[in-house]
Protein chains: 2
Amino acid sequence: MGATKTDHFTDKQNAIATLAKAIGHPARVAIIEYLMKVDTCICGDIVNELPLAQPTVSQHLKELKNAGLIKGNIEGNAICYCIDEKAIEKLQNYFGNISTKLTTKKNNCC
Amino acid sequence: MGATKTDHFTDKQNAIATLAKAIGHPARVAIIEYLMKVDTCICGDIVNELPLAQPTVSQHLKELKNAGLIKGNIEGNAICYCIDEKAIEKLQNYFGNISTKLTTKKNNCC
DNA sequence: AATCTTTATCGCAATATTGCAATCTGAAAA
DNA sequence: TTTTCAGATTGCAATATTGCGATAAAGATT
């Protein structure tokens, strides 16, 4: 009890949940938006941008990386993080499909 | 500490995070997909469809409703739940914007 | 080598989430 | 009214997440 029963659901469902869960925290939304805003993606200064301590930011980055939403490249002693387009596209497609199916179905009981 | 510092982030960031967090669980992904699959949205049998007990399903529905992803209509002593298109559209737009911005920017350091 | 700079990890406390048995509520049916 | 049925709520135990201070790891700089 307390642990998510991931094994009872399909791989696709778990995959979407994992991506969504990673975005389900404002700090991580802010990180993604910052990565978009910055032209160069030398990203050590995310810590300065966010109201969180360095270890906390590091952990959020780790979770985003585990979920496959961002990639990291070592560059000297700094690290270059950037968004992985594939993950974003997966989400876009997923919600796009739901949206179109909903409008064609016109289920209007609510 | 352990509480999310929502007040340090923008309303938009918190809004996206709230929606994403609600989808960030395979059971809730399964609920949404079931609501799409069923033509009529008389939805009491979600419990039969999922490998979870009734109180657990009820709580997941509550969280989806709180996040604004689904709506519920009382119909007799049953309840008709269905997806709120607006929330899905918000997510679709959000990830669509990111996707297009990424392809135009061509940031290829990773 | 000694130091600085950048990022990751450890360990902890506070809080949140997940899941369910038991129970409650309220409408329909008998 | 009593029973029944669909859902919600309560209360609890197990686990996960959030956040940060302290520290570690590793390349850069002096």
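Lettering follows sequence order; numbering is per chain, from 1.
- Proximity of B:L91 to A:I98: side-chain heavy atoms (C-beta onward) are nowhere separated by under 4.5 Å.
- For the OP1/OP2 pair of C:dT6 and a distance below 4.0 Å, the side-chain nitrogens and oxygens of A:Y81 include no atom meeting the criterion.
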Go through the steps to decide whether B:Q13 and A:E33 satisfy the test side-chain hydrogen bond (donor to acceptor under 3.5 Å, both in side chains), and finish with yes or no. CA-CA 9 Å; B:Q13 287 168 341; A:E33 292 180 356; 2.9 Å; yes
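- Between A:S58 and C:dA8 there is a side-chain polar atom (N or O) within less than 4.0 angstrom of OP1 or OP2.
- Here the NE2-NE2 distance, from A:H25 to A:H60, works out to 4.5 Å after rounding to the nearest 0.5 Å.
- For the pair B:F95 and B:T100, the minimum side-chain heavy-atom distance is 4.5 Å or more.
- Atom C1' of nucleotide D:dT17 and atom NZ of A:K62 are separated by 13 Å, given to the nearest angstrom.
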Per-nucleotide protein contact string for nucleotides 21-30 of chain C (B base, S sugar-phosphate only, - none; heavy atom under 4.0 Å): BB----SS--
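- Rounded to whole angstrom, the span from the CD atom of B:Q59 across to the P atom of C:dT17 amounts to 9 Å.
- Going from atom CD1 of B:I83 over to atom CG of B:L64 covers 9.5 Å, rounded to the nearest 0.5 Å.
- In this structure, B:E49 places its CD atom 16 Å from P of D:dA6, rounding to the nearest Å.
- Separation of atoms NZ (B:K86) and CG (A:L102) is listed at 13.5 Å; rounding is to 0.5 Å.
- Distance A:N73 CG to C:dA8 P: 13 Å, rounded to the nearest Å.
- Residues from residues 8-24 of chain A that place a heavy atom under 4.0 Å from any atom of DNA chain D, listed by number: A:K21.
- Distance CG (B:L50) to P (C:dG19): 10 Å, rounded to an integer number of Å.
- For D:dT17, the OP1/OP2 oxygens have no side-chain nitrogen or oxygen of A:H60 closer than 4.0 Å.
- Rounded to an integer number of Å, the gap from B:L64 CG to D:dA8 P is 12 Å.
- Comparing A:H25 and B:K65 along DNA chain D, the residue whose closest nucleotide (by nearest heavy atom) sits nearer the 5' end is B:K65.
- Two residues are said to be in side-chain contact when any heavy atoms from C-beta on lie closer than 4.5 Å; A:C82 and A:I70 fail this criterion.
- Using a 4.0 Å cut-off, no side-chain N or O of B:T56 falls inside it from OP1 or OP2 of C:dG19.
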Run the side-chain donor-acceptor check on residues 50-59 of chain A: report pairs under 3.5 Å with partners two or more places apart or on a different chain.
unit_1 : atom_1 : unit_2 : atom_2 : d
A:Q59  : NE2    : A:E63  : OE2    : 3.4

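- Taking atom CG on B:L61 and atom P on D:dT9, their separation rounds to 11 Å, with Å as the unit.
- At least one side-chain heavy atom of B:Y94 sits under 4.5 Å from a side-chain heavy atom of A:V29.
- Across the protein-nucleic acid pair, A:D45 atom CG and C:dT6 atom P stand 9 Å apart, rounded to whole Å.
- A salt bridge links A:E49 with A:K37: the distance from a Lys NZ or Arg NE/NH1/NH2 to an Asp or Glu carboxylate oxygen falls below 4.0 Å.
- Closest approach to the A:I79 side chain among C:dG19, C:dT7, C:dT18 is made by C:dT7 (side chain taken as heavy atoms from C-beta onward).
- When each of D:dG7, C:dT18, D:dG19 is scored by its nearest atom to the side-chain atoms of B:A78, the top-ranked nucleotide is D:dG7.
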